Structures are given as structure tokens and as C-alpha cells.
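I have placed the structure first, in the form of C-alpha cells, so that the comments after it can refer back to it.
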Amino acid sequence: MAPPPAPAAAPCPATERGKRADPEDRSLLAAIDGRAAAADRGEADLSREVAALRRAGWLAAPLPAADGGLGWGTEPAGTPGCFTALRQLGRVSLPVARIFEGHVNAVALVALYGADTLRGNAFDAIRGGGCFGVWGADAPGDAVTLRGEGEALRLAGAKDYASGLGLLSHAVVSARVEAGTQLLLVPVGDAARGRGDTWRLAGMRATRSGRYRFDGVDPGADAELGGPDDWFREPHFEGGVWRYCAAHLGAAERLFAEMRDALAARDRAGDPHQQVRLVRAAVAVESARLWIERAARRVQAADAHADAAAVSLLAREVTQDACRDVVRIVEEALGLAAHAWGPIERTRRDLAAFVCQAAPDDKRARAAEALVARGVLPEHL
């Protein structure tokens, strides 16, 4: 496969950018927070936010250390930094956190399954400023398929819920083949193929999610990531849900902090009913944090076993419940003020949509199956 074209942004060597990336970069996070309302209203896209992540070294940070990054999401040493970065982004903008989590996921899949040529080209593109994503949801009745052989390979079909339309240089795309599901790394910069008007949800509006058509696209002979169904290997398939849980956690923590400060400002924090709400919300976010951190350590460990995915699935269950509890508590505590335009309303709306991802019943069933199959308490998974 020919080296993928880098976007127009100025190159930023991963060796320099990755090493100085700070998962608690206050100026970066404050800038993203300050533009979140305009992006939500559709007055701006997230191109400035992606450019800011690029300049701050966050797009290069997920690269393995040997490739000039910090291993965020790709190596055990990078796990704390990745968790913190996703959590911090979730506090200021869940849509930006969604884009960044997809980028980390894509880099991890390339690191896991990419052959030398693909891996080298992909990492060059990221060092050149590229932002990647993972698009797995097929459009109803129009699944992406790969047909042909050698130089005659062609894609057909479309992806839905494709976050980052117009922002990503490449996406890891799942395609149906005769032997199962094949992952491919494909350029996705053709604006004519994307449709953002298919995203009609109240939440996560700034993600520029929509439908992208692949009819006639030649992915290239070296675009394949691993073999058929490698994508579903554990602990990195379901196990990887800890990443978006970290973003969910950050949003729930933002809601808790906003509620706490609003009650204190109104001299309502001493009300017994509000104290109950404060404590319940605090317990919810802290319980989720402990579960997610445990899942991240287990899944990202160098000797991680497939069973580690069950820990991540349980962490997702705890996080989903915690987030929904916090949203409800904030609405009860603040009343109509929770629905007034501003950070609380926007975060509440984005979080309510984001926690629906993805196929929660299936994930719950897999966690239950693991508990029964192992015959152990959750602490021993």
C-alpha cells in the first residue's frame, strides 16, 4: 500500500510531540471547554480541537514508545496517561473525547494487527498530523463488503455513526468477507462520500457523525489489518470499552462538580435532601473510577488474558449505571436549572446519548457468561 497522504497540517514529529504530551494540559483543556458550546450549536466544527490535540502531541502519544509515542492505549506504561487524557477530555467535551478515543482505538488496532508496511505507513501518517478513527457500524441493509483479489479489491456499502466526518484522514473499517469480518485501514478524506445529515440525535451533535459510502473504493493490497475475525480477539475487543468508559466518567464528574458548586452558591448544600444527592453522586463516580482503572490495568497488561475483557464489561455496567444515576440526581437537585443552556445541560445531553454505545445487552450477557464460566467472584476475574 502506498504511503497514505498526510493532511495539510504542518508535520509534528512524534518523538518531540509524544514526549511532551501532558494528559492534564490545562491550556489545551480550557480551550476545548471554551469552544464546546459553539461546536454543539453547529456554529463551528471540531477541526480546531483536532488541530489543538495535534499541536499538544496527543495524536502522536498513542504510538508505541519505539515509534516515538507514549504508548497511550497501546502499551502498559501508557495506560495511566491514556486513562487521564480520556477522563479529562470527557470533563470538557464528550464529542472531542469520542474523536480522540476513536483515534487511540485505531492506533491500537494498527499496533496489534498491522503488517510492517501498513504499520510503518500508518504511523508516518500520524507523525505527519493524521487523525484516525474506527468505523464499525454498518448502514442498515448496506453492510460494507470487500470483494476481489490482489489489485482488483473493491469495497461496497456504507458505515453509519461514523464519527469525525471531515476531520479524519483514515479510518479502520470492518468489511464482510467470505471468511468473516476483515479490518482495513482506509483513507476517508473524500468529503463527497460523507453525509452528516443522517445524525439526528439530541446528544453528541459536535462529533460530525454520519454516513460514509465506500462503493468502488480500492483499499490497496496492503490495507488489511490481520486476518478475518482477528478484530474480535480478546482482551482487546470488548476489553477496550474501558477507554470510552473513562470519557463517560469525566463527564459524570463534571456534572457532579457543577451540581456541588451550584448548590453551594445557592446556599443549598446543607439541605438534608441535597446532601443525600451529593453523597450518592460522589459514590457513583468514585465507584466507576475504581472499576475503570482496574479494567484498564488488566486489559493493557503485557500478559493480559482474554478473561480480562470481562472486567472491562463489568466496568462498563458500573459506569453506565453511575452516569445515569448522576444525570438523574443532577436533574433532581437543580430542577429547571439543569435544563438551561450551558455546560450542565450540554454535558447531560451528550452523556445520556453516549452511554447507549454500543449493544449494551450483548455486553451484559458476555459479562454474565464469563462469571458463570469461571465460577469465581468478580475480584478474581
Side-chain angles (χ1 to χ4, degrees), residues 5 7-9 32 35-53 89-90 92-103 105-106 130-146 154-176 184-219 244 247-248 251 339 341-343 345-360:
I32 292 173
R35 293 193 293 266
D40 179 66
R41 293 192 298 264
E43 297 169 2
D45 63 16
L46 295 181
S47 56
R48 291 180 63 187
E49 284 74 7
V50 172
L53 293 174
L89 277 181
V92 297
S93 171
L94 273 178
V96 177
R98 173 68 188 92
I99 299 297
F100 183 67
E101 190 277 329
H103 177 76
N105 190 5
C131 184
F132 286 19
V134 178
W135 294 348
D138 288 316
D142 197 14
V144 171
T145 58
L146 177 66
R154 290 295 184 273
L155 290 169
K159 290 295 181 183
D160 257 354
Y161 306 116
S163 295
L165 291 175
L167 301 171
L168 306 184
S169 59
H170 297 76
V172 173
V173 176
S174 57
R176 296 184 184 181
L184 304 154
L185 182 64
V186 186
V188 291
D190 186 349
R193 292 181 174 274
R195 284 186 56 192
D197 60 353
T198 62
W199 186 257
R200 300 183 181 276
L201 303 185
M204 302 296 284
R205 295 188 297 213
T207 57
R208 295 285 294 273
S209 298
R211 182 170 296 175
Y212 192 95
R213 298 213 61 84
F214 287 92
D215 298 314
V217 169
D218 176 5
Y244 64 69
H248 296 170
H339 298 265
W341 287 346
E345 186 273 339
R346 183 177 64 253
T347 303
R348 178 184 57 78
R349 178 164 35 82
D350 284 345
L351 183 57
F354 201 174
V355 294
C356 294
Q357 183 185 9

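What you see is a predicted model; the values in this text were computed from it and never measured.
Using a cutoff of 4.0 Å between basic side-chain nitrogens and carboxylate oxygens, Asp40 and Arg349 are scored as salt-bridged.
Legend: residues meeting ring-ring contact (aromatic ring centres under 6.0 Å, His included) with His248, ordered by chain and number and at least two apart, are Tyr244, Phe354. For Ala44, there are no side chain to side chain contact (heavy atoms under 4.5 Å, CB included) partners at least two apart in sequence or on another chain.
Here the side chains of Val217 and Arg154 are not in contact, with every heavy-atom distance at 4.5 Å or above. For the pair Arg348/His339, a side-chain contact is recorded, criterion being any heavy-atom separation below 4.5 Å from C-beta on. Contact check for Leu155 versus Val173: no side-chain heavy atoms found under the 4.5 Å cut-off.
Considering CZ of Arg195 and CG of Leu165, their distance stands at 11.0 Å, rounded to 0.5 Å. If you take CZ on Arg35 and CG on Asp45, they are separated by 10.5 Å, rounding to the nearest 0.5 Å. Rounded to the nearest 0.5 angstrom, Leu146 CG and Ser174 OG are separated by 11.5 Å. Taking CG of Leu46 as the reference point, atom OG of Ser93 lies at 6.0 Å (rounded to 0.5 Å). Of the inter-residue distances, the one linking Arg208 atom CZ with Arg98 atom CZ reads 15.0 Å to the nearest 0.5 angstrom. The structure places CD1 of Ile99 at 11.0 Å from CG of Leu89, a figure rounded to the nearest 0.5 Å.
Among all heavy-atom pairs drawn from Gly157 and Asp215, the shortest one is N-OD1, 2.9 Å. Summarising the geometry of Leu53 relative to Val96, their closest heavy-atom pair is CD1-CG1, 4.1 Å, with the distance given to 0.1 Å. In plain terms, the two heavy atoms of Arg211 and Ala139 that are nearest each other are NE-CB, 3.9 Å. Between Leu168 and Ser163, the shortest heavy-atom contact is CD1-O, 3.5 Å. In terms of heavy-atom proximity, Ala206 sits nearest to Ala39 at CB-O, 3.6 Å. The minimum heavy-atom distance linking Val144 with Asp138 is given by the pair N-OD1, 3.1 Å.
Residue pairs that meet the ring pair (Phe, Tyr, Trp, His ring centres under 6.0 Å) test with at least one member in residues 184-212, sequence neighbours left out, are Trp135-Tyr212, Tyr161-Trp199, Tyr212-Phe214.
Formation of a donor-acceptor pair under 3.5 Å by the Lys159 side chain with backbone atoms of Val134 is not found in this model. Judged by distance alone, the side chain of Asp350 and the main-chain N or O of Met204 form a donor-acceptor pair under 3.5 Å. Proximity of a side-chain donor or acceptor of His103 to a complementary backbone N or O of Phe132 within less than 3.5 Å is detected.
Enclosure of atom CZ in Arg176 is not indicated, since only 12 or fewer non-hydrogen atoms of other residues, nucleotides or ligands lie within 6.0 angstrom.
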